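Being a predicted model, the structure only gives us computed values, none of them experimental. Residue numbers begin at 1 in each chain, while the letters A, B, ... track the order of the sequences.
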Amino acid sequence: MDGKSNWEGLCKQIQQRTLQSVPMTVDSAKVLRSQILKCLTEACDDGILKHKINEIYTLLKLEISNQHCKNIKNLSGGELNFKRRRDLPHFERFDGSWFDFGILLDETNKPAIIIGFHFEIRFLDDNPIKFLRFDLNLPEHNNQDKGKRFHISRWAGKFITM
Amino acid sequence: MLKSISIDEFLQRIGSQPNGNVWSVLVVSYSDSDELVEELKDTISIFTECDVGVIYTKNEVSITVDKIQKYSEDYLIIWNFEDWSDRNWRTFDQMRSRLAKKRGVVLVLSQKSVKYMFTYAPNIVSWIGSRVYTLAKDTELLTKEERQRKLLTLHEWSGLSDREIIELAELRQLPPDPEYGEWLVLLGREDLIGR
């Protein structure tokens, strides 16, 4: 198998495994935020993240909007960073790779439903893979019919999305 | 002067506490207590990895003490001390030898009730030590400046205005990327997501 087919096969396996094993419902956005806060705090304590623990909660923010009939919240970890600027707030691992994420949750009914997310980790220059991105697109989109609502992207000389 | 603390910092402190009968106090306005207790019940269990019980005190100290002893949960949240008199607090203080939990307790008090505790329950105050905090509210929410910065980033990324995003969403032509959903939440138009 060449590099590309290796990658494509790996992506399919990861997608299938992720969709089967990751719960798409949570008790609430605040509970999910606390679970992530605990996970990231432990990662700091164990030296996996290069942060002081008081930096973690300043990077984890909730945006609440319930002005209409829906109750949707956005949980963000770090800033939106489309240009991959390292000077913007983000999480950083012990090996220098760095990441940010955002999770959209619909709390209109219980349990809350995760309706979209993005997560991107960027690696150092000596890594042949420059970044890895996981997305769950918003519901009722064409990709959903094609089984591509959840997809993984990477950059390794060229951009590949699965 | 009490130390002000966010709920995140409070949870991190609880998570790092050793096993033992560790008591803390959170001071909030009485009107906010109900919502805070609900949130603490869900989140303390995440950080302590043990079951958390809640005691709503009535104006009867011995019943509260009995509940502290009988509840099987290793961690307790106790609240509604508003009607406790100086005599109630003194009795509670005298019964302190019966106040033991495997992990710990957080008392949710108002400014009024924490003054009573400091004045009439000196042994419990000594026991709690410096773990008395006022709660800084809503620190987990985006500030106005952070919201504006996100919107600016989204404008630069897409080349679109807020008005254009709303029009596209109304026409069901919004691209599927999750960032567009985040954008609509920032604009208070979450009703346009996933229609």
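- Chosen from A/N54, A/N74, A/I56, the residue pairing most often with chain B at heavy-atom distances under 4.5 Å is A/N74.
- Heavy-atom neighbours of chain A within the stretch residues 46-56 of chain B, taken at a separation under 4.5 angstrom, comprise B/I46, B/F47, B/E49.
- Take B/E156 and apply the side chain to side chain donor-acceptor pair (under 3.5 Å) test, not counting sequence neighbours, and it matches no residue.
- Placement of A/I72 and B/L168 within a single hydrophobic cluster is found when ILVMFWY residues are connected by side-chain heavy-atom separations under 4.5 Å, directly or transitively.
- Closest approach of A/L138 and B/D177 over heavy atoms only: CD1-O, 3.8 Å.
- By the rule that hydrophobic residues join a cluster once side-chain heavy atoms approach within less than 4.5 Å of another member, B/Y30 and B/Y116 end up as members of separate clusters.
- Across all their heavy atoms, B/P178 and A/D135 have their closest contact at CG-OD1, 3.6 Å.
- Neither the backbone nor the side chain of B/I7 comes within less than 4.5 Å of any heavy atom in chain A.
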*Which is it for A/E63 and B/E146 under the side-chain contact (heavy atoms from CB on, under 4.5 Å) test, yes or no, and what are the steps along the way?*
CA-CA 10 Å; A/E63 175 68 359; B/E146 287 169 332; over 6 Å; no
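- For A/L60, the part sitting under 4.5 Å from any heavy atom of chain B is the backbone (N, CA, C, O) and nothing else.
- In this structure, chain B has heavy atoms under 4.5 Å from both the backbone and the side chain of A/I53.
- Closest of all the heavy-atom pairs between B/L11 and A/S34 is CD1-OG, 4.1 Å.
- Proximity of a side-chain donor or acceptor of B/Q12 to a complementary backbone N or O of A/T41 within less than 3.5 Å is not detected.
- Every side chain to side chain donor-acceptor pair (under 3.5 Å) that B/S29 has, sequence neighbours left out, goes to B/S31, B/D32.
- For B/T91, the side chain to side chain contact (heavy atoms under 4.5 Å, CB included) partners two or more places apart in sequence, or in a different chain, are B/V61, B/R87, B/M95.
- Taken together through direct or relayed side-chain contacts under 4.5 Å among Ile, Leu, Val, Met, Phe, Trp and Tyr, A/L105 and A/I64 form part of one hydrophobic cluster.
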*Could you go through the side-chain contact (heavy atoms from CB on, under 4.5 Å) check for A/R33 and B/D8 one step at a time?*
CA-CA 10 Å; A/R33 184 176 177 280; B/D8 294 329; 2.7 Å; yes
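- The distance from the CG atom of A/L104 to the CG atom of B/L184 is 9.0 Å, given to the nearest 0.5 Å.
- Look at A/E79 and B/R149 and you find a salt bridge, because one of the NZ, NE, NH1 or NH2 atoms lies within 4.0 Å of a carboxylate O, short of that distance.
- The number of heavy-atom neighbours closer than 6.0 Å to CD of B/E38, taken from other residues, nucleotides and ligands shown, is 12 or below.
- Cluster membership check: B/L107 does not share its hydrophobic cluster with B/L36, using side-chain heavy-atom separations under 4.5 Å among Ile, Leu, Val, Met, Phe, Trp and Tyr.
- Looking only at heavy-atom pairs under 4.5 Å with chain A, the residue among B/E182, B/E9, B/E39 that has the most is B/E182.
- Distance CG/A/N71 to CG/B/D191: 12.5 Å, rounded to 0.5 Å.
- For chain A, no part of B/S16 is nearby; none of its heavy atoms comes within less than 4.5 Å.
- Among the candidates B/D42, B/T153, B/L141, B/T43, the residue making the largest number of heavy-atom pairs closer than 4.5 Å to chain A is B/L141.
- Within a 6.0 Å sphere centred on NZ of B/K112, other residues, nucleotides and ligands contribute more than 12 heavy atoms.
- Hydrophobic cluster membership is shared by A/Y57 and B/L26, with clusters built from Ile, Leu, Val, Met, Phe, Trp and Tyr side chains linked at under 4.5 angstrom.
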